[in-house]
Amino acid sequence: MVEAAKITDLTHDAPFESQYEEIDELLSKKQFYKEGFITNTNVETFAKGINEDVVRAISEKKNEPQWMLDFRLKALKVWQSMEEPHWAKAEYEPLDYQDYSYYSAPECGSCAGECNTDEAGEPEIDPEVAKAFAELGVPIEGNSEVAVDAIFDSISVSTTKREELAKLGIIFCSFSEAVQDYPDLVQKYIATVVPVGDNYFAALNSAVASDGTFVYVPEGVHCPIELSTYFRINEAKTGQFERTILIAEKGSYVSYLEGCSAPVRDTYQLHAAVVEVIVHEDAEVKYSTVQNWYPGDEDCHGGILNFVTKRGICEGDNSKLSWTQAETGSAITWKYPSCILKGDNSIGEFYSVALTNRHQQADTGTKMIHIGKNTKSTIISKGLSAGFSDNTYRGLVKILPSAEGARNFTQCDSMLIGDKCGAHTFPYIEVGNSSAQMEHEATTSRIGEDQLFYCQQRGISEQDAISMIVNGFCKDVFSELPLEFAQEAEELLAISLEGSVG
Amino acid sequence: MLLKVENLHAEIDDKEIIKGLNLEIKPGEIHAIMGPNGAGKSTLANVLVGRDEYEVTDGSIEFDGEDLDELDPEERAHKGMFLAFQYPVEIPGVSNKFFMQTAVNAVRNERGQPELDMFEFDEFAKEKIELLDMRSDLLDRSVNVGFSGGEKKRNDIFQMALLEPKLCIMDETDSGLDIDALKLVANGVNSLRSPDRSFIVVTHYQRLLDYIKPDYVHVLYDGKIVKSGGFELGQQLEEQGYDEIIRHYHNG
Ligand SMILES: Nc1ncnc2c1ncn2[C@@H]1O[C@H](COP(=O)(O)OP(=O)(O)O)[C@@H](O)[C@H]1O
Ligand SMILES: [Mg+2]
């Protein structure tokens, strides 16, 4: 039984034209994207194009073992046999994949790019790159409560707190290092949650995977600090193909965060990531994302194309996986963090705020696949559209016949700011077991002129009023983010909505 | 003079609603404005506080010696104008307390006073709640969401108390209130009365005026003030209605 619970499609035909002129004007002021600076440093960038030689060269650059090269080559073949998907509610011209570079990395001054990890410890970080991360507020010196893996274009440049974590048996390193140092673990888990041929972008990622983070939390260990990765795309016309694997062994706990940004460029940059999360019995993983990729300018030039496959499996009984995301950037977002609830009593959660402004297009949501008995999932999605943007929630809740006593609660709220944007909701439900309990709530609202006037009459400026109302709307999701990230997300929203700040 | 409205003409959607209105209010005075439905009372209130959709086509509004023509609604609020709405607006997800702390600090900023932090605001709010005899749990709920009609009106009065305006405009704050709620609102107003705070009380009913005792009563009809008098004019209207005055206006 396939059924779309309630499809709402609220588009550009809003009846109140004049009322929103002012708001539109306010929102169309040039957005202030403070992460938009460019780092100039010596980089090694492959010539544009993708083919077997490029894939071999990437693998060689990273000094990879044969099995990893074989994995890539197989994926390339799969990718070449597939077609670019265009079913999402985001419109984009077919991309010319030969017009992107698939590897770019800063050369580190001392050893001209030849340095692999060695016993002497971390290689020197390119000072320009270090400066860029400092400016972004990413603590790559290890002087923070949070452990950080900092990724610049195709490579990881620094991973902090690893010794501290190693004492607990926690592995926290870049994906490339894991391939070298923990080949058994990587081989055991890679492509088990997201198979190579899962979708077009997953296949592409598998072929040209650049860097990402590898996390392994051993049995019974409660990771005492937040682990995080910061992704920075710097070079023009390059792709970043993050590959992240996170494994939580029996009874363990970890909270992982990722942040991202890119300079202001007038051409598209491509980000096609694959994230796989494996949660064993009684373990819990919290995975939070604050996504602030460059959204492109007023006239739809540039921005990040963000095609992401994030999926986790609650493998063991009583395991739990939560995805929380605040998506404010990217020209196009195509992303559905999902949970496969295989273990009995396992729990999947998805909390999302997606904001689109100007000409951004976001098609995001989640899939909750219930396999085990008494599995529970919660979906709370808050979509905010402003400017000329389109914001789509697309979700699937699938209850397999084996999932006796499964429960889902879905709440999808959309808020429109102005009258030239669109909000769309496509919640699909497939129920294969009659004992399932499903609850679905959805609302669509518009920031009303009357609300703004009420605030203004009390002395609050229109901009402050908008961000106050918007933050109120997003509260249920922000409360799921770790504290400092919640604040960052609130600020991001405010900046994304306001014209310029300060 | 706190407020001086001269020959005011204002329209909405190209329809003229206020058609040459004059009104003068001194500090500390209470003026009641009465009149039949559709006379333009809410329009006048909105025009005074600068709502965008309303366009002033002629005449002037002077507040505290300054022409308001170019000022945005929030600037007028900072100068001390307050409107208690005929229909207070709901803002889901935003707590009443956070909303009012933001508002109070915006106004204090403008007046060159230091902002109140959470603790200072709590203290300040507590005083006002006691003054108005309000339930303090309203502070923790979203602005006006799930409030009863009476609670919404009382919340507006509470906001008025917090913002300490010079001119309070109350648009039918008494409509839809039972007698107890009405008394609470009236007590609120009376306790906020001061020699340098003036009120414009828009109402249909004498009963609010019985509690508040305005200095002047005006009848608004067809976008103009067609009759003015003292407290006793309200009583007369209660007994005779507007017919006599309207007939007189059309014949005169
Ligand atoms: N948006 C609008 N467009 C056109 N006419 C309006 C609009 N809003 C109010 N009016 C008209 O203005 C007149 C005065 O309305 P209002 O000020 O609300 O009266 P009152 O508060 O005295 O009952 C009414 O005739 C009403 O129909
Ligand atoms: Mg009215």
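Lettering of chains follows the sequences in order, A, B, ..., and the numbering in each one begins at 1.
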For chain B, find which of A:Ala465, A:Ser445, A:Ser461, A:Gly472 contributes the most heavy-atom pairs closer than 4.5 angstrom.
->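 Ranked by heavy-atom pairs under 4.5 Å with chain B, first place is A:Gly472.
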
Who wins among B:Val49, B:Asn46, B:Val107 for the most heavy-atom pairs under 4.5 Å with chain A?
->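 The answer is B:Val49.
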
Is B:Asp156 salt-bridged to A:Arg458, cutoff N-O under 4.0 Å?
->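 Salt bridge flag = yes for A:Arg458 with B:Asp156.
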
To the nearest 0.5 Å, tell me how far [X] [atom1] sits from [Y] [atom2].
| X | Y | atom1 | atom2 | answer |
| --- | --- | --- | --- | --- |
| A:Asp464 | B:Asn105 | CG | CG | 11.5 Å |
| A:Glu462 | B:Asp72 | CD | CG | 8.5 Å |
| B:Glu53 | A:Asp450 | CD | CG | 9.0 Å |

So for atom [atom1], which belongs to [X], do other residues, nucleotides or ligands contribute more than 12 heavy atoms lying within a distance under 6.0 Å?
| X | atom1 | value |
| --- | --- | --- |
| A:Arg407 | CZ | no |
| A:Tyr336 | OH | yes |
| A:Lys376 | NZ | no |

Any idea which heavy atoms bring B:Ala106 and A:Gly459 closest together, and the distance?
->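 Nearest heavy atoms, B:Ala106 then A:Gly459: CB-O, 3.2 Å.
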
Indicate the atoms forming the closest heavy-atom contact of B:Glu90 with A:Gln451, along with that distance.
->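 That closest heavy-atom pairing would be O-NE2, 3.0 Å.
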
Check whether any side-chain heavy atom of A:Tyr454 lies under 4.5 Å from a side-chain heavy atom of B:Val143, and answer yes or no.
->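 Counting from C-beta outward, A:Tyr454 and B:Val143 do come under 4.5 Å.
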
Close side-chain approach of B:Pro73 to A:Gln457, heavy-atom, < 4.5 Å =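 With C-beta onward as the side chain, the pair stays apart.
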
Can you say whether [X] sits under 4.5 Å from chain A via the side chain, the backbone, both, or neither, judging by heavy atoms?
| X | result |
| --- | --- |
| B:Arg76 | neither |
| B:Pro165 | neither |
| B:Glu110 | neither |
| B:Tyr87 | neither |
| B:Ile91 | both |

Would you please classify the geometry between the B:Phe85 ring and the A:Phe453 ring as parallel, tilted or perpendicular, with 30° and 60° separating the classes?
->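 Perpendicular, since the angle between the ring planes exceeds 60°.
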
